[in-house]
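A quick note: this is a predicted structure, and the numbers were derived from the prediction, not measured. For the numbers below, each heavy atom of this structure counts, side chains included, while hydrogens, waters and symmetry mates do not.
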Amino acid sequence: MSNQVFLLPDLGEGLTEADIAEWKVRVGDTVTVDQVVVEVETAKAAVEVPIPFEGTVISLHGDEGSTLQVGTPLITVSGTPAAHEQHREEERAGSGNVLIGYGTSEDTRRRRRRVGVTRELTRPEPNRAGVAPRVISPVVRNLARKNGLDLSRLPGSGPGGVINRADVEKALAAPPETADEQRIPIKGLRKAVADKLSTSRREIPDATTWVDVDATDLLAARRAINAALDADAGVSLMALLARLALAALTQYPELNSTVDTERNEIVRYGHVHLGIAAQTPRGLVVPVIEKADSLTTVELARQLRDTTELAREGTLPPARLTGGTFTLNNYGVFGVDGSTPIINHPEAAILGVGRIVDKPWVVDGQLAVRKVTQVSLSFDHRVCDGGVAGGFLRLFADYLENPITVLGRL
């Protein structure tokens with residue numbers, strides 16, 4: 001018998017660390033080749049990690065909630081030399097399994113998503129110092145769970161801060177305390193979002209412009225389009241907003257760009273890889289629709305529907321969350337009228353749309369009640385001046401007020 005240490009594998013997309021969300025095995029369990037042993041959460045997705053060899057689990061290198069670096073020990077398995085030789089053969093030939101969400105086929109992703117989509121990630125909360133509690137004994141963990149004791153707030157007296165049974169019994173015997181604050185660690189997706197937004201504010205000299213728009217005819221156009229389509233091919237409001245934004249970008253390509261600070265150049269893209277800001281149970285993500293400008297309105301609507309569904313389920317591969325060149329943010333779904341959205345670094349602009357509500361509006365000199373929204377554009381002042389930004393936003397607003405003139409030729 002010999003021991004084999006499985007290291008946390010490279011998760012792709014430049015990711016260097018992951019949080020242990022849930023162990024699928026325990027010490028003493030027997031594992032087989034390609035069995036999923038742990039689910040980890042990176043800054044971009046939740047990923048199930050299969051083990052490439054078989055044997056008996058003798059050590060788990062980290063509690064749920066702890067953070068591991070890529071290339072550090074994840075799990076140690078004791079097996080026979082033959083099993084380890086099998087592992088080496090599979091490394092040379094290529095294992096039949098891969099990290100869920102990284103390189104799987106579309107059918108495989110959908111099948112696995114149906115199995116695991118309803119389960120929520122669970123992990124111990126970090127303690128006041130931002131560190132997950134270290135508990136080795138299952139007896140200690142079960143004792144705390146049965147008595148409703150939060151181990152994240154319990155100091156450990158054992159070696160290295162390990163929480164032992166005496167620590168739990170002492171806490172159970174002590175009178176309850178009232179906490180007046182809660183500390184939430186910035187990690188995983190929240191950390192990735194915070195870092196990116198901070199980089200945007202630090203590096204991009206941004207400015208924002210906005211305008212109120214009569215969207216009455218836009219809603220009417222959507223009803224007319226959907227009346228002519230099959231029920232499963234309906235076009236969402238977001239799809240129409242995206243289509244009109246893409247049309248406006250053809251006239252103002254300066255906004256579909258980025259700044260290469262190392263070479264002191266503006267890089268203007270030939271296609272629009274459209275980012276869609278989406279709020280999910282894991283937080284804010286921006287999935288990307290590649291070459292959105294080459295899609296028809298119906299194709300764009302379908303991709304938007306499928307992409308946002310995968311984003312909310314947390315099953316989008318990290319590659320689908322990068323590479324955007326322009327972002328659309330429909331913050332109106334939160335019931336707000338306006339916003340000054342932060343540019344999704346390293347892009348040069350982000351277009352925002354507020355809620356559509358009934359408001360008094362002058363039409364042909366007469367006061368009327370119309371469906372009104374506010375649209376805003378935050379832009380990188382290095383790639384263009386206010387004239388270009390204002391021209392784009394005004395054109396987009398005109399398209400919203402007269403959508404058929406645009407949609408009829410797209």
Side-chain angles (χ1 to χ4, degrees), residues 8 10-23 38-49 61-72 74 101-102 119-135 150-156 160-161 163 179-204 206 275-288 311-322 324 327 329 331 334 336 339-347 350 352 378:
L8 179 64
D10 184 355
L11 302 172
E13 297 297 321
L15 300 171
T16 60
E17 65 181 24
D19 300 335
I20 297 176
E22 180 182 355
W23 283 108
V38 67
E39 184 170 272
V40 300
E41 185 174 10
T42 72
K44 297 182 178 180
V47 183
E48 292 181 334
V49 181
H61 299 281
D63 294 325
E64 293 178 354
S66 60
T67 302
L68 294 183
Q69 299 296 313
V70 169
T72 59
L74 180 64
Y102 293 83
R119 181 181 49 74
E120 296 182 355
L121 301 180
T122 58
R123 67 179 67 182
E125 291 293 329
N127 58 24
R128 295 175 65 88
V131 180
R134 301 187 60 189
V135 184
D150 184 1
L151 290 174
S152 67
R153 297 185 177 278
L154 191 63
I163 299 173
D180 60 356
E181 65 178 26
Q182 180 183 11
R183 292 181 177 264
I184 302 173
I186 301 177
K187 60 194 306 183
L189 177 61
R190 184 72 260 167
K191 183 177 185 298
V193 172
D195 290 345
K196 196 162 192 177
L197 296 181
S198 297
T199 300
S200 179
R201 278 293 193 226
R202 184 171 59 251
E203 296 186 3
I204 298 178
D206 62 319
I276 302 296
Q279 192 69 36
T280 74
R282 296 182 63 240
L284 177 67
V285 297
V286 186
V288 176
R312 292 191 179 102
E313 293 173 352
T315 54
L316 270 178
R320 295 287 304 278
L321 297 171
T322 58
T327 294
N329 183 6
Y331 45 74
F334 302 118
V336 298
S339 176
T340 56
I342 300 177
I343 297 171
N344 187 25
H345 182 274
E347 298 169 17
I350 180 171
S378 292

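Annotation for Y331 and G352: closest pair CE2-CA, 3.4 Å, computed over non-hydrogen atoms. Of all non-hydrogen atoms in I163 and L151, the two that sit nearest each other are CD1-O, 3.7 Å. L74 and V49 get closest at one heavy-atom pair: CD2-CG1, 4.3 Å. S339 and P341 make their closest contact through O-CD, 3.3 Å (heavy atoms, listed as atom of the first residue, atom of the second, distance). Considering every non-hydrogen atom in both A277 and T327, the closest pair reads N-CG2, 4.3 Å. Smallest separation of non-hydrogen atoms from V285 and T280: CG2-CG2, 3.6 Å.
In this structure, the side chain to side chain donor-acceptor pair (under 3.5 Å) partners of D206, at least two apart in sequence or on a different chain, are R201. Remark: E203 engages H345 in a side chain to side chain donor-acceptor pair (under 3.5 Å) (not counting sequence neighbours). For T340, the side chain to side chain contact (heavy atoms under 4.5 Å, CB included) partners two or more places apart in sequence, or in a different chain, are T208. Every residue was checked against the salt bridge (charged side-chain N to carboxylate O under 4.0 Å, His left out) condition with R190, not counting sequence neighbours, and none meets it. Take T199 and apply the side chain to side chain donor-acceptor pair (under 3.5 Å) test, not counting sequence neighbours, and it matches R202.
Annotation: K196, atom NZ; neighbour count of heavy atoms from other residues, nucleotides and ligands within 6.0 Å is above 12.
Once rounded to the nearest 0.5 Å, the distance linking CD of E64 with CD of E41 reads 12.5 Å. To the nearest 0.5 Å, atom CG of residue L68 and atom OG1 of residue T16 are 12.0 Å apart. Annotation: the span from I204 atom CD1 to I343 atom CD1 amounts to 4.5 Å, rounded to 0.5 Å. In this structure, S66 OG and D19 CG are separated by 8.0 Å, a value rounded to the nearest 0.5 Å.
Two residues are said to be in side-chain contact when any heavy atoms from C-beta on lie closer than 4.5 Å; V288 and R320 fail this criterion. By the 4.5 Å heavy-atom criterion applied to side chains, V286 and L321 are not counted as neighbours. Taking the side chain as every heavy atom from C-beta outward, I20 and V38 approach each other to under 4.5 Å. Looking at heavy atoms from C-beta onward, E39 lies out of side-chain contact with V47 at the 4.5 angstrom threshold. Looking at heavy atoms from C-beta onward, T72 lies out of side-chain contact with H61 at the 4.5 angstrom threshold.
Side-chain atoms of K187 come within 3.5 Å of backbone atoms of G65 as a donor-acceptor pair (strictly under, hydrogens ignored). With hydrogens and angles ignored, the 3.5 Å screen pairs no side-chain donor or acceptor of S200 with any backbone N or O of N344.
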